[in-house]
Every structure is written in structure tokens, then in C-alpha cells.
Number of protein chains: 2
Amino acid sequence: MREAWIVSVPTSMYGLGVDKRERLIESTRELLWERGYVGTSPKAIQERSGAGQGSMYHHFQGKSELALAAIGRDAEDLRARAEAEFAGPGTAIERITVYVRRERDILKGCPVGKLTQDPEVMADPELRKPVEEYFGWLTGRLAELFDEGRAAGELAPELDPLATATALVAMLQGGYVLARAAGSPDVFAKAVDGALGLLATKEN
Amino acid sequence: MREAWIVSVPTSMYGLGVDKRERLIESTRELLWERGYVGTSPKAIQERSGAGQGSMYHHFQGKSELALAAIGRDAEDLRARAEAEFAGPGTAIERITVYVRRERDILKGCPVGKLTQDPEVMADPELRKPVEEYFGWLTGRLAELFDEGRAAGELAPELDPLATATALVAMLQGGYVLARAAGSPDVFAKAVDGALGLLATKEN
DNA sequence: GTCTATACGGGGATAGAC
DNA sequence: GTCTATCCCCGTATAGAC
């Protein structure tokens, strides 16, 4: 039993209860990624998580509250992974390249970026907030790196760091779009090649 | 009566009938743009078009057939508008810039690009086909222009035309994503600035 | 061609028993 | 905490009358 080594906490917060709650959130993440918010039903979430109606409505008020938990985790995971790459070794441009070239689930798309195409996510300020914050953070962080790279002479001095960062993030998001349209991840790679080609300075 | 000046054609193809069919398609285009395919119901289409159940199922077999007609028009419209800009006056880079800077309904997004995020559109080969073809055409056409610009000495010779074109199209599609996430069209403009800034770096 | 009537399952949630 | 029963409206389509 998992409770065996857990001491003096309310039983209600541990054991199977937590697992169901956990599974509900994780199942919702998967479904939002695969089908979007409008395309995801409470019933589908229940089936995938193995929880029943009562369980789901015990832990969450409804579909949107569950989605909020799921989206929050998506954004936090992506942020943490990106930050690990940004904080790694190498020059600014090298770290950006590592981030951009990282392995991705191309045809599934970006779990957060996809949400911007969902009318009900965008219409609900609570759901839109984590999406907005994630992209705001990512763009700002990349702008810092471009600034750093420019100062170090790795980058053309006339480039605007924020505009360049925005273009790069947009290119990645659009890369998913094009790859899905083509039904092939190669198009994403092609877009990345194009972007890095533009970033490369003459000396390099 | 509109039939007054139409001679010797089956009545069934003209008059109110055509208008309903037309309105059904146009309403579907709007709804697909606003809510996606999974988020659009036949009922909503009927209400917006002013047609009843019987009318809709007389002209189309069902939702997907209607969507196919709507998506086909979307793609053709976008293609025609882009081609008009590509075939305009100016150098290759100038024509690309005109296209990229053209006024857009940023917060609504790209009516065709958005469809790539819809699970049911991507799962249906018939519906995905016009989406795939549109982006294939657009990328190829821009690659031709980049090639032309390179040959004319406007661009650095080391740029790969196809990769650059892919990156540019991706940047536009991603610009919509970021603008929607931020709730502001300015982000799209920022991404465009960044992309054109990078291209300027490669000008001779 | 268009309408109304009808069908059946699913979406999203509540109620109350265990 | 979790389950089953129940609710009501919507999604998607067919049938048949006008």
C-alpha cells in the first residue's frame, strides 16, 4: 500500500483519490492535445482516465476547471524544458539552436500553441491566461538571448532582439501548422533550416 | 425575378435554390473560420444561412461535404489573392514584402491554416487535401521568388530558396498563433518585422 | 427545393445511494 | 470518493409532406 510510508496527512488527500485526480488531469492533457477543447468531452476524459462521472465532478467543478489544470501543467512543462536548454552551456546562439533543434512531436503539434485555435479557450480569460503567459515568457527569454548574442558579436548588430525572437517563435509554431498540412515532419525541419540560415552571419 | 433574363436552363439550378446553396457555403466558411470543424454544427450553419434542415440536406449530403465546398473556396481565394501580389510590379523581394505586409484579419487567423489544428479535418483525406495543396503551392511559389531574387543579386547566394520560403510561410502562420495568444495583432506585426529584418541582413 | 416531424446518441451536468 | 441513475438540450441525420 502506498499509504504505508505516508505519515499524518489527511487520508482524503492520498491513496486512490489522488491517483484518480492525477489521471483525470493527465487524460485531459492528452485529449486537449489530440482533439482540442471543443472536441473533448467529459465522457471521453472519464473513459480515458478510468474515472466515473461522480469522481470527475467530485474533483473538479466541470470541464473548464479540469482544462485549466491541464493547460497549466502543459505550459509549466514546456517552460521548464525550454529554460533548461536556455540555461545550458554554449554561446547564446548555440543555446538557441539546441532549443530550436530539440526533438519534438511534430505532427501532434504544440500542446499550448494549438489551444490558440480553439474558440472556447480564447473566449475564456481564465483558460487563455496561461497560454498568453507562456508565449510572453518564451518570446521574452529568447529576446534576452538574442540580445546577449548580439552583444557578443555572434549576431548582426542591426537585428532587433524582440522582433527576431518573436519571428523565431512564430516560425516554430507555424512549422507545426505546415507539417500537419503536409502530413510530414520534414516540413518543420525545413522551416527550421530556413530560419537558422537567416540567422547565420556571413562569417559563419 | 432573376430568371427573367436567363434563357433555357433548368429552373432548378437558378432562383432561390442557388442562393440558399450559396448562403450555405458562405455560412459554413464563416463558421469554420470562427469555430473550426468540430465546433461547427449543421444546426448553426442552417441558422446562419437562413436555410432549413431539408434545404441543407437537399444540396449537400452532410456536414463534411459542405465543409469540403467551403474549404475549397477558402483555399482558392487565398491562392488567387497571393498570386495577384506575386505577379505584381517590383523586384522579387519587393513583391514578397507586399505579400507579407498585406492587411490581414490577424485575430481571426488564417482560415486555411487553422484547419490544420482540427482533428477531424486532418483525419479526413478529402478535407485535408485542399489544405495540403494550398500550402504546397504557396511555399513553392515563394521559393521561386526567392530564387529569382537570388539570381538577380538581391539576396545572399547561400540562402536555400525552399527552406527560406518554408520559414517565411511558417512565420506568418505562427504569427497568427502568437497574436491570438496575446490577444493583439501587434505581435503578428512584430514577427513580420523580425522576419524582414533577418531577410534584410541577407540583402546585397 | 424547402419545410416540419421524428429519431437516436452524445454533451455536460446534477442527485443521491454506497 | 466513487458509482449509477437521471436530466435536458444539442448534434447529425432521415422521412415524408407540400
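In the text below, chain A, chain B and the rest are named by the order of the sequence lines, each starting its count at 1.
Pairs engaging residues 27-37 of chain A under the side chain to side chain donor-acceptor pair (under 3.5 Å) rule: A:E26-A:R29, A:R29-A:D74, A:R29-A:D77, A:E30-A:R48, A:E34-A:R48, A:R35-B:E120 [sequence neighbours left out].
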Tell me which donor-acceptor pairs under 3.5 Å the side chains of residues 158-171 of chain A have, and how far apart each pair is, sequence neighbours excluded?
unit_1 : atom_1 : unit_2 : atom_2 : d
A:D160 : OD1    : A:L162 : N      : 3.0
A:T164 : OG1    : A:D160 : O      : 2.6
A:T166 : OG1    : A:L162 : O      : 2.7

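For the pair A:H59 and D:dT2, the criterion of a side-chain N or O lying under 4.0 Å from OP1 or OP2 is met.
Separating the NE2 atom of A:H58 from the P atom of D:dT4 is a distance of 17 Å, rounded to the nearest angstrom. Atom CD of B:E47 and atom C1' of D:dC9 are 13 Å apart (whole Å).
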Quiz item: For every nucleotide of nucleotides 12-18 of chain C, 5' to 3': is a protein heavy atom under 4.0 Å from its base (B), only from its sugar-phosphate (S), or from neither (-)?
Solution: SBB----
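With DNA chain D read from its 5' end, the first of the two nearest nucleotides for A:G52 and B:Q46 is the one closest to A:G52. Where B:S55 and A:A44 meet DNA chain C, the nucleotide closest to each residue was compared, and B:S55 sits on the side nearer the 5' end.
B:E65 meets the side chain to side chain donor-acceptor pair (under 3.5 Å) test with no other residue; sequence neighbours excluded. Scored by the side chain to side chain donor-acceptor pair (under 3.5 Å) test, A:R128 finds A:E132 as partners (sequence neighbours excluded). Under the side chain to side chain donor-acceptor pair (under 3.5 Å) criterion, B:R81 pairs with no residue, sequence neighbours left out.
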Quiz item: Could you walk me through whether A:F86 and A:V98 pass the side-chain contact (heavy atoms from CB on, under 4.5 Å) check?
Solution: CA-CA 8 Å; A:F86 295 156; A:V98 164; over 6 Å; no
